[in-house]
Amino acid sequence: MLLTFLPPAILLFTVFVMLPMAEAAFFSPYKWSGYGPAPWAFNDATGNTYGTWTGAANFERMFGHSAFRIALSNTMKVVAVSLLIQLPLALMLALMIYQKSYANTVFRLIFFVPYILAEVATGLIWSFVFDGNFGLSRMITDMFQLQQAFFPLAEKQWAFNTILAVIVWKYFGFHMMIYIAGLQSIPKDLIEAARIDGARPLQVIFFVKLPMLWPAITISIFYSVLGALQVFDLVMPMTAGGPSNSSHTLVSYLYNFGFIRLNVGYGSAVGVFLFAVGVIFAFVYRNTVQREAAR
């Protein structure tokens, strides 16, 4: 039975994952617009290739581009906010509502609903909320009787911080559910034994629940970092990387400077860099932290 379903899965994975990654690696040393045959194919009329071989020039341009450095810095900010704010918030809420009851079920649903929303829909909703003419920003302006409307998504110092707040709001419910599943799997006998021995609530949390929850925490960190490297769908409807390229992440930078500007070779170079970062992190993390957690 397993062999029946395995070939279609391998075929889909090869066509939609492996081949695009291989093509990106092939395109990265070329200057190519994406139109016409592959850049290494020869033009029968002129004898020249359709693309221009540039070697490592795309990578040199990438690391020297100020907008790329901003995008890399923003992506690292997403990682930091996810690890330092989003995950602790999810863990705190999970500790409060992990026990089975009707009220806790309602709260879980409320906190998990943002994760269910599509990223593009979420971005459009929050772009309206932060619109200085119609949304929440307008209400605050009218409340304090300010003379000038406030557009946080149009301000360089506010745009990406606003996106970070939306990221925390949207994804902390996913990690909360991971922690709730982990907390519910902890044997109640251990918690009762700790309480009988005189452990206070905080001591039970730090010395019983958190150590038993460590495997779930490592999985949550893994998803959080890899998810931070892929942030794209929220950025595009909210700011599209603006103003002045100040709110780009690596993926939105790749999309804007690679595909929108018809420079597939350069975009492929950015994709290769992003792929390398993700693979290195996944390999190192799974063979160190997660391997230790599984013991």
Engineer: I'd like to know whether Phe130 forms a ring pair (Phe, Tyr, Trp, His ring centres under 6.0 Å) with Trp158, so could you lay out the CA-CA distance, the side-chain angles of the two residues, the decisive distance to 0.1 Å, and finally the verdict.
Structural biologist: CA-CA 11 Å; Phe130 291 117; Trp158 284 99; 9.7 Å; no
Engineer: Is there a path of hydrophobic side-chain contacts, each under 4.5 Å between heavy atoms of I/L/V/M/F/W/Y residues, joining Ile97 to Leu210?
Structural biologist: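 Yes, it is one cluster - the side chains of Leu210 and Ile97 are joined through contacts under 4.5 Å.
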Engineer: Grab the two heavy atoms, one from Ile180 and one from Ala94, that are nearest each other, plus how far apart they are.
Structural biologist: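 Heavy atoms only, the tightest pair is CG1-CB, 3.8 Å.
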Engineer: Side chain to side chain contact (heavy atoms under 4.5 Å, CB included) between Phe151 and Asp131: does it pass, once the steps are laid out?
Structural biologist: CA-CA 6 Å; Phe151 295 82; Asp131 192 313; 3.8 Å; yes
Engineer: May I ask you to check whether over 12 heavy atoms, not counting those of Arg69, lie within 6.0 Å of atom CZ?
Structural biologist: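 Yes, CZ of Arg69 has more than 12 neighbouring heavy atoms, counting only those of other groups under 6.0 Å.
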Engineer: Supply the atom-to-atom distance Ser28 OG to Phe273 CZ, rounded to the nearest 0.5 angstrom.
Structural biologist: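 These two atoms lie 13.5 Å from each other.
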Engineer: Given the rule in the side chain to side chain contact (heavy atoms under 4.5 Å, CB included) test, do Tyr255 and Val251 qualify, once you have shown the distances and angles that lead to the verdict?
Structural biologist: CA-CA 6 Å; Tyr255 177 75; Val251 183; 5.7 Å; no
Engineer: Have a look at Thr249 and tell me which of Leu234, Leu274, Val231 forms a side chain to side chain contact (heavy atoms under 4.5 Å, CB included) with it.
Structural biologist: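 So the option named by the test is Val231.
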Engineer: Going hydrophobic residue to hydrophobic residue with side-chain gaps under 4.5 angstrom, can you get from Ile116 over to Trp169?
Structural biologist: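 Cluster IDs for Ile116 and Trp169 match.
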Engineer: Provide the closest heavy-atom pair for Ile205 versus Leu95 in the form atom of the first, atom of the second, distance.
Structural biologist: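 So the minimum-distance heavy-atom pair works out to CG2-CD1, 3.9 Å.
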Engineer: Quick check on the hydrophobic clustering: are Ile178 and Met96 connected, directly or via other members, by side-chain heavy-atom contacts under 4.5 Å?
Structural biologist: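 Yes, Ile178 and Met96 fall within the same hydrophobic cluster.
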Engineer: Quick check: is Phe134 connected to Met139 through a chain of hydrophobic side chains (ILVMFWY, heavy atoms under 4.5 Å apart)?
Structural biologist: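 Different hydrophobic clusters.
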Engineer: I would like to know whether Phe68 and Tyr266 meet ring pair (Phe, Tyr, Trp, His ring centres under 6.0 Å); could you show each step before the answer?
Structural biologist: CA-CA 12 Å; Phe68 172 79; Tyr266 182 71; 8.2 Å; no
Engineer: What heavy-atom pair brings Val289 and Thr218 nearest, and what distance separates the two atoms?
Structural biologist: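 What the structure gives for the nearest pair is CG1-CG2, 3.7 Å.
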Engineer: Determine, step by step, whether Thr75 and Tyr253 satisfy the side chain to side chain contact (heavy atoms under 4.5 Å, CB included) criterion, reporting the C-alpha distance in whole Å, the side-chain angles of both residues, the deciding distance to 0.1 Å, and the verdict.
Structural biologist: CA-CA 11 Å; Thr75 301; Tyr253 174 87; over 6 Å; no
Engineer: Determine whether a donor-acceptor pair (N or O, by modelled atom type, separation under 3.5 Å) exists between the side chain of Asn256 and the backbone of Ser252.
Structural biologist: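 Here the side-chain-to-backbone pair does not exist.
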Engineer: Do the side chain of Asn263 and the main chain of Lys31 share a donor and acceptor less than 3.5 angstrom apart?
Structural biologist: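 No; judged by distance alone, with no hydrogens or angles, the pair does not exist.
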Engineer: Does Ile70 belong to the same Ile/Leu/Val/Met/Phe/Trp/Tyr cluster as Ile167, with side-chain heavy atoms less than 4.5 Å apart forming each link?
Structural biologist: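 No; tracing contacts between hydrophobic side chains, which count when under 4.5 Å, never links both residues.
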Engineer: Might you work through the side chain to side chain contact (heavy atoms under 4.5 Å, CB included) test for Tyr179 and Leu87, ending with a clear yes or no?
Structural biologist: CA-CA 10 Å; Tyr179 297 147; Leu87 298 191; 3.8 Å; yes
Engineer: What distance do Trp214 atom CH2 and Ile219 atom CD1 have between them, rounded to the nearest 0.5 Å?
Structural biologist: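 Answer rounded to 0.5 Å: 11.5 Å.
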Engineer: Report, as yes or no, whether the 6.0 Å neighbourhood of atom OH on Tyr223 holds more than 12 heavy atoms from other residues, nucleotides or ligands.
Structural biologist: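 Incorrect, the count does not exceed 12.
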Engineer: To the closest 0.5 Å, what do you measure between OG (Ser185) and CG (Leu213)?
Structural biologist: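 Rounded to the nearest 0.5 Å, the OG-CG separation comes out at 7.5 Å.
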Engineer: On a heavy-atom basis, which atom in Leu83 and which in Pro88 lie closest, and how many Å separate them?
Structural biologist: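 Heavy-atom minimum between the residues: O-CD, 3.3 Å.
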Engineer: Please say whether more than 12 non-hydrogen atoms of neighbouring residues, nucleotides or ligands are located less than 6.0 Å from CZ in Phe259.
Structural biologist: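 Above 12, so yes.
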Engineer: Could you go through the ring pair (Phe, Tyr, Trp, His ring centres under 6.0 Å) check for Phe174 and Tyr171 one step at a time?
Structural biologist: CA-CA 5 Å; Phe174 169 75; Tyr171 294 108; 8.1 Å; no
Engineer: Under 6.0 Å from the CZ atom of Phe63, do we count more than 12 heavy atoms belonging to anything else shown?
Structural biologist: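 Yes.
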Engineer: For residues 186-196, which residue pairs pass the salt bridge (charged side-chain N to carboxylate O under 4.0 Å, His left out) check, not counting sequence neighbours?
Structural biologist: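 Passing the test, one end in residues 186-196: Glu192-Arg195.
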Engineer: Counting heavy atoms not belonging to Met18, are there more than 12 under 6.0 Å from its CE?
Structural biologist: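 No, CE of Met18 has 12 or fewer neighbouring heavy atoms, counting only those of other groups under 6.0 Å.
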Engineer: Could you grab the distance from atom OH of Tyr115 to atom NE2 of His175, nearest 0.5 Å is fine?
Structural biologist: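 Taking OH in Tyr115 and NE2 in His175, the distance rounds to 8.0 Å.
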Engineer: Enter the distance from Lys170:NZ to Asp233:CG here, rounded to the nearest 0.5 Å.
Structural biologist: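 One finds 9.5 Å between NZ of Lys170 and CG of Asp233.
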Engineer: State, to 0.1 Å, how close Leu153 and Ser127 come at their nearest heavy-atom pair, and which atoms those are.
Structural biologist: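 Answer, listing the atom of Leu153 first, then Ser127: CD1-CA, 3.8 Å.
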Engineer: Rounded to the nearest 0.5 Å, how far apart are CG of Leu183 and CD1 of Ile191?
Structural biologist: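 Rounded to the nearest 0.5 Å, the CG-CD1 separation comes out at 8.0 Å.
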Engineer: If I compare all heavy atoms of Gln203 with all of Gly198, which pair ends up nearest, and what's the gap?
Structural biologist: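 Minimum heavy-atom contact is OE1-O, 4.1 Å.
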